[in-house]
Amino acid sequence: MIESAAMLAIGDELLSGRTKDRNIGYLADVLTLAGIDLKEVRIVADEPVDIAAAINALRARYTYLFTSGGIGPTHDDMTADAVGQAFGVPVGYHPTAYELLEKHYRQREMDFTLARKRMARTPEGALLIDNPVSTAPGFKMDNVYVMAGVPAVFQAMVNNVVASLPQGPQILSAAVFCPFGEGDIGGPLAQVQAKHKSVVIGSYPKFDGKSYSTELVARSRNEQELEAARLDIEAMLIAVGKEKAGSSPA
């Protein structure tokens, strides 16, 4: 069974363009290595109702849901409350998280303010996700993993979480350079894809300022099927090249 995942990135700053997301690509890389298919990514504003609705939609559809952002100390960090709303449970101070943060700020000789205490709030029944970077933990509810938006913290949490999940067969890939534009290969490429149903073939156009070319990338969990598709892609390109050469004016 191939496990699937979705990601929910939370924050007004992402939608305004003020903050450029760095977490989606990282999660995609880690999940690919773990053999887990990332199927969908959504970005939502700091609106608890919208966050809760997205959580419920995604957690029902995929094996895992990973969220980033909205669990900090300020008023616009609303993810814990939204997760509580999604699961229909109250939100309060998690005793272990509270103790960790209280000790952390005491050692740093800093006041454990109400704002900092907000980072210890989780929905009832949550399990904590370790934060080796800055102490404030993330948390897990069922198949939902709630993590910080700060890239260094998010990445550390993701590494801990994904390492604990069942690992699936890795997706293998093969890239083939195509000297033609997509318009020249669209039909023949569709025929190759139809022949190799267990292989996903992506087409990525390029333009160097003078001419168009395309990078073709085949992906599969089966090495033999991937190689067969790669050979058919190369044969298709040879055929297209001959056809174009035959139709060129002398």
Side-chain angles (χ1 to χ4, degrees), residues 5-28 30-31 38 40-62 64-98 100-101 104-105 112-162:
M7 179 176 175
L8 182 64
I10 300 163
D12 293 342
E13 69 278 8
L14 296 174
L15 293 168
S16 71
R18 183 176 181 85
T19 297
K20 312 302 181 186
D21 181 85
R22 292 165 50 194
N23 295 331
I24 295 171
Y26 186 83
L27 178 64
V30 172
L31 292 180
L38 181 61
E40 184 173 351
V41 175
R42 296 190 192 184
I43 302 176
V44 294
D46 294 312
E47 298 287 347
V49 172
D50 295 336
I51 298 170
I55 287 171
N56 280 334
L58 295 171
R59 73 185 178 98
R61 186 173 183 183
Y62 302 105
Y64 308 111
L65 170 60
F66 302 90
T67 80
S68 68
I71 58 172
T74 58
H75 70 282
D76 58 348
D77 289 309
M78 303 176 180
T79 302
D81 294 289
V83 176
Q85 181 178 335
F87 282 87
V89 298
V91 175
Y93 292 128
H94 190 291
T96 303
Y98 192 98
L100 283 171
L101 286 165
H104 173 72
Y105 287 108
F112 192 29
T113 62
L114 284 175
R116 290 171 177 143
K117 290 177 182 179
R118 282 178 57 83
M119 294 186 289
R121 297 174 70 250
T122 68
E124 186 177 284
L127 301 176
L128 298 184
I129 297 173
D130 182 46
N131 173 3
V133 177
S134 58
T135 303
F139 61 87
K140 172 184 180 292
M141 291 287 291
D142 192 24
N143 64 334
V144 180
Y145 296 84
V146 180
M147 295 172 286
V150 177
V153 181
F154 177 83
Q155 292 172 16
M157 289 183 175
V158 164
N159 292 341
N160 286 336
V161 167
V162 175

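When reading the values below, keep in mind they use all heavy atoms of this one structure, side chains included, and skip hydrogens, waters and symmetry mates.
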For a 4.5 angstrom cut-off between non-hydrogen side-chain atoms, does [X] reach [Y]?
X    : Y    : result
I129 : M147 : yes
R42  : L58  : yes
F154 : S68  : yes
M7   : L65  : no
E40  : R61  : yes
V153 : M157 : yes
I10  : L8   : yes

Smallest separation among heavy atoms of [X] and [Y], with atom names:
X    : Y    : value
I55  : A86  : CG2-CB, 3.9 Å
K117 : Y93  : O-CE2, 3.2 Å
P151 : N23  : CA-OD1, 3.4 Å
A6   : Y62  : CB-CD1, 3.4 Å
I71  : G138 : CD1-CA, 4.2 Å
F139 : P123 : CE1-CD, 3.3 Å

Determine yes or no for a side-chain-to-main-chain donor-acceptor pair under 3.5 angstrom, with [X] supplying the side chain and [Y] the backbone.
X    : Y    : value
R118 : D77  : yes
D142 : V144 : no
T79  : G70  : yes

Residues in side-chain hydrogen bond (donor to acceptor under 3.5 Å, both in side chains) contact with N160, at least two apart in sequence or another chain: none

Please determine which of L127, L128, V146, T96 meets the side chain to side chain contact (heavy atoms under 4.5 Å, CB included) test together with P137. L128

Cation-pi, F87 ring and R59 (6.0 angstrom, 45 degrees): yes

Aromatic rings Y98 and F112: how do their planes relate, parallel, tilted or perpendicular, breaks at 30° and 60°? perpendicular

Please assess R116 against L101 for the test side-chain contact (heavy atoms from CB on, under 4.5 Å), listing each intermediate value before the final yes or no. CA-CA 8 Å; R116 290 171 177 143; L101 286 165; over 6 Å; no

Evaluation steps, side-chain contact (heavy atoms from CB on, under 4.5 Å), between F66 and L38: CA-CA 10 Å; F66 302 90; L38 181 61; 5.8 Å; no

Pair Y26-N159, side-chain donor/acceptor within less than 3.5 Å: yes

Within the 3.5 Å criterion, strictly below it, is a donor on T135 or H104 matched to an acceptor on the partner's side chain? yes

Derivation and outcome, side-chain contact (heavy atoms from CB on, under 4.5 Å), residues V91 and Q85: CA-CA 9 Å; V91 175; Q85 181 178 335; over 6 Å; no

One thing to verify: whether R18 and D12 come together as a salt bridge, which I'm taking to mean a side-chain N less than 4.0 angstrom from a carboxylate O. no

Step-by-step side-chain contact (heavy atoms from CB on, under 4.5 Å) determination, D46 to E13: CA-CA 9 Å; D46 294 312; E13 69 278 8; 4.2 Å; yes

Working to the nearest 0.5 Å, report the span between NE2 of H94 and CE of M119. 15.5 Å

